[in-house]
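This report concerns only the one structure given below.
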Amino acid sequence: MKLATWNVNSLGVRLPQVLDWLAAQAADGAPVDVLALQELKLTDDKFPFDAFTAAGYHAVSFGQKTYNGVALLSRTPAQVVMRNIPNFEDEQARVLCATIDGIRVIGAYVPNGQAPDSDKFAYKMRWLTALHTWVAAELRQHEQLVLMGDFNITFDDADVWDAEGLRDTIHCTPQERAHLQALTDLGLHDALRLFPQPPKTYTWWDYRDLAFRRNRGLRIDHLLISEVLKSRARTCQVDRTPRKNERPSDHTPVVLTLHPTDVTLT
DNA sequence: ATGCCTCAGCTCCTGAGA
């Protein structure tokens, strides 16, 4: 079983790349079972359901014009779907949650926050507090849970190409990292770091200044998995290949592979 | 460095992203 997250920065622009990537994964012999997409920048009436159906995927979309918007693609249908965080008023479409193959899947697009002294940063903090409360409740009901998406937060300096130069800037502040830590304190594990990774592993690179070629990036896209899913985890990797495409998203996918349930070790 | 790209939209500039 394979789960992935990808901020596509406009599904309208990136749809062919998403389809190509899914096809390439399947051609490698291990198709993606669940893909969480962020930053669709599309309303649901413009969501390309037909294209994903033809590719063998069920899709649930929670879209918005111009900004935000999230989707869950899956080879088996999504059940018990929820949109956004319960009991948190939010005009922005940032969260989709569903049960897929017995796993509670939460796809999230955490607010960017712009700058630490901005109103948008305050919104990011409130949003993350609400997310924490809700995920804690979901975890009590679902032992197999993954929270994946664009968190817009680095765990620590190893996730930052220039930790000194970017100290206390957006994505790197202690306040943001405390929220990420609070999520892992619920018993969620940073899936990528369960496995050895190449040094300077990032998931986002600025479009400007040849940042990708220079590997000047940040690791801000994450899969956080519950204890039971951790026991099923087989590999977790950043796939940089789509970032080399023409007109790429500035983010690239992160992929988690799980052992089948019947070979789970405890 | 008030810069660099890219995207969407009340589109030939602006706001936002990260």
_Distance test, side-chain N/O of A:Ser10 to OP1/OP2 of B:dT6, below 4.0 Å_ = no

*Atom CH2 of A:Trp204 to atom P of B:dT6: distance rounded to whole Å?*
13 Å

*asked:* Say we look at B:dA18 and B:dA8: how far apart would their P atoms be, to the nearest angstrom?
replied: 14 Å

_Residue list, salt bridge (charged side-chain N to carboxylate O under 4.0 Å, His left out) with A:Asp239, at least two apart or on another chain_ = none

*asked:* In whole Å, I'd like the distance from the CZ atom of A:Arg243 to the P atom of B:dC5.
replied: 13 Å

_A:Asn9 versus A:Tyr207, side-chain donor and acceptor atoms under 3.5 Å_ = yes

*Any ring pair (Phe, Tyr, Trp, His ring centres under 6.0 Å) involving residues 20-46 of chain A? Give me the pairs, sequence neighbours left out, ordered by first then second residue.*
A:Trp6-A:Trp21

*For nucleotides B:dT6 and B:dC10, find the distance between their P atoms and express it as a whole number of Å.*
23 Å

*C1'-based separation of B:dT2 from B:dT14 [nearest Å]*: 15 Å

_Give me the distance, rounded to whole Å, that separates B:dA16 from B:dG3 when you measure between the P atoms they each carry._
14 Å

*asked:* Between P on B:dG3 and CG on A:Leu210, what's the gap in Å once rounded to a whole number?
replied: 18 Å

*Assign A:Ile220 to base, sugar-phosphate, or nothing according to its heavy-atom contacts below 4.0 angstrom with the strands shown.*
sugar-phosphate

*asked:* So, OP1 or OP2 of B:dC5: does either fall under 4.0 Å of a side-chain N or O from A:Arg247?
replied: no

*Between A:Tyr202 and A:Trp205, what is the ring plane arrangement, given parallel below 30°, perpendicular above 60°, and tilted in between?*
perpendicular

Listing time: all N or O pairs from protein to nucleotides 11-17 of chain B that are below 3.5 Å?
| unit_1 | atom_1 | unit_2 | atom_2 | d |
| --- | --- | --- | --- | --- |
| B:dA16 | O5' | A:Lys120 | NZ | 3.4 |

*What ring pair (Phe, Tyr, Trp, His ring centres under 6.0 Å) pairs are there with at least one residue in residues 136-159 of chain A, not counting sequence neighbours?*
A:Phe151-A:His222, A:Phe155-A:His222

*Sugar-phosphate only, base, or nothing, as touched by A:Arg14 at under 4.0 Å among non-hydrogen atoms*: sugar-phosphate

_Per the ring pair (Phe, Tyr, Trp, His ring centres under 6.0 Å) rule, what does the pair list look like for residues 157-190 of chain A, sequence neighbours excluded?_
none

*asked:* Distance check, P atoms only: B:dG9 and B:dC4, in whole angstrom units.
replied: 22 Å

_Rounded distance (Å) that lies between atom P of B:dA18 and atom OH of A:Tyr202_ = 18 Å

*A:Phe212 CZ - B:dA18 C1' separation (whole Å)*: 16 Å

_Considering only residues two or more places apart or on different chains, which pairs with a residue in residues 80-101 of chain A satisfy salt bridge (charged side-chain N to carboxylate O under 4.0 Å, His left out)?_
none

_In whole Å, I'd like the distance from the CZ atom of A:Arg167 to the C1' atom of B:dA18._
18 Å

